[in-house]
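What you see is a predicted model; the values in this text were computed from it and never measured.
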Amino acid sequence: MVRQLDDSPKTAIVYPDSDSKPMADNTRQFRWITTIKANLDWLFANNDDVFVAGDLLWYPVEGDNKTRQAPDVMVAFGRPKGERGSYQQWKEENIPPQVVFEILSPGNIPTEMTRKLLFYDRYGVEEYYIYNPDKNDLGGCIRRENRLESRENLDNWVSPRLGIRFQLAQPELLLYYPDGQPFTSYNEERQRAEAERQRAERLAAKLRELNINPEEI
């Protein structure tokens with residue numbers, strides 16, 4: 001008997017760009033997500049091989065669109081910057097995000113966070129940080145011997161991958177760049193940029209008073 005080949009078209013697997021869940025449940029959670037994401041963008045702005053994303057679906061397994069997670073913030077070293085609808089790991093040289101952040105809200109239940117921890121443990125995350133801004137509580141796990149292990153004390157802890165420092169303070173957690181400068185919010189950065197602009201304008205005006213063209217310096 002001759003077996004006929006099945007040449008019927010195969011259905012392409014769709015990897016949705018959205019899980020229909022909100023990025024944040026409240027303004028405080030959103031502020032923390034955007035602050036961490038923006039400051040990590042600034043930190044690695046000159047490194048083309050560090051990809052930083054917020055609330056982006058990560059699919060670790062090709063052919064499986066059910067196994068997925070959307071960290072509040074994730075960082076993938078060894079991957080180029082650029083736009084993505086989702087992080088499909090098999091298209092990223094099979095490199096998982098090495099660092100992830102989760103910012104808790106009252107809606108996060110323990111079973112949900114346990115599932116996330118198991119996911120990050122299984123699929124290769126090296127550093128996992130969890131911050132509850134309502135309780136000002138910071139937790140974290142670091143990969144040791146191929147598994148994520150809880151780190152008890154994160155006060156003045158320096159991330160091995162990011163080089164940033166965590167300081168447990170009141171009323172909120174403080175984060176510092178490797179050079180010791182504090183993380184800033186968008187509004188603080190905008191105010192700082194405006195102050196620098198005004199300072200530059202004053203300096204240029206002073207140089208012109210001295211008959212010096214600032215554009216020729």
Do the non-hydrogen side-chain atoms of Tyr129 and Val99 ever get within less than 4.5 Å of each other?
-> yes
Value rounded to 0.5 Å, distance of CG in Asp72 from CD in Glu102 | 4.5 Å
Could you check if a side-chain atom of Thr184 sits within less than 4.5 angstrom of a side-chain atom of Gln181, using non-hydrogen atoms only?
-> no
For the residue pair Tyr15 and Tyr59, does the interplanar ring angle fall in the parallel (under 30°), tilted (30 to 60°) or perpendicular (over 60°) class?
-> perpendicular
Sidechain-backbone polar pair: Asn136 side chain, Ala169 backbone, donor-acceptor under 3.5 Å = yes
Distance from Lys37 atom NZ to Met74 atom CE, nearest 0.5 Å?
-> 10.5 Å
Report yes if the side chains of Leu175 and Phe166 come closer than 4.5 Å at any heavy-atom pair, otherwise no.
-> yes
Between CG on residue Leu138 and CZ on residue Arg151, distance to nearest 0.5 Å | 11.0 Å
Who pairs with Pro96 by side-chain contact (heavy atoms from CB on, under 4.5 Å), at least two apart in sequence or on another chain?
-> Trp58, Gln89
Would you call the rings of Tyr177 and Phe183 parallel, tilted or perpendicular if under 30° counts as parallel and over 60° as perpendicular?
-> tilted
Which residue pairs satisfy the salt bridge (Lys or Arg N to Asp or Glu O under 4.0 Å) criterion with at least one member in residues 132-146, sequence neighbours excluded?
-> Arg28-Asp134, Asp121-Arg143
Side chain to side chain, Pro71 and Tyr120, heavy atoms closer than 4.5 Å = yes
Hey, does the side chain of Glu127 reach the backbone of Arg161 with a donor-acceptor pair shorter than 3.5 angstrom?
-> yes
Quick one: does NZ or CZ of Arg79 land under 6.0 Å from the six-membered ring centre of Tyr87, within 45 degrees of the ring axis?
-> no
Any side-chain heavy-atom pair of Leu173 and Gln167 under 4.5 Å | no
Any donor-acceptor pair under 3.5 Å from Gln69 side chain to Lys116 backbone = no
Can you find a pair of side-chain heavy atoms, one from Phe119 and one from Pro60, that are under 4.5 Å apart?
-> yes
Above 12 or not: heavy atoms from other molecules or residues under 6.0 Å from CZ of Phe30?
-> no
First locate atom CD of Gln29, then atom CG of Asn108, and finally report the distance between them rounded to the nearest 0.5 Å.
-> 6.0 Å
How long is the gap from CZ on Phe51 to CZ on Arg84, to the nearest 0.5 Å?
-> 4.0 Å
Pairs touching residues 47-67 that satisfy salt bridge (Lys or Arg N to Asp or Glu O under 4.0 Å), sequence neighbours left out = none
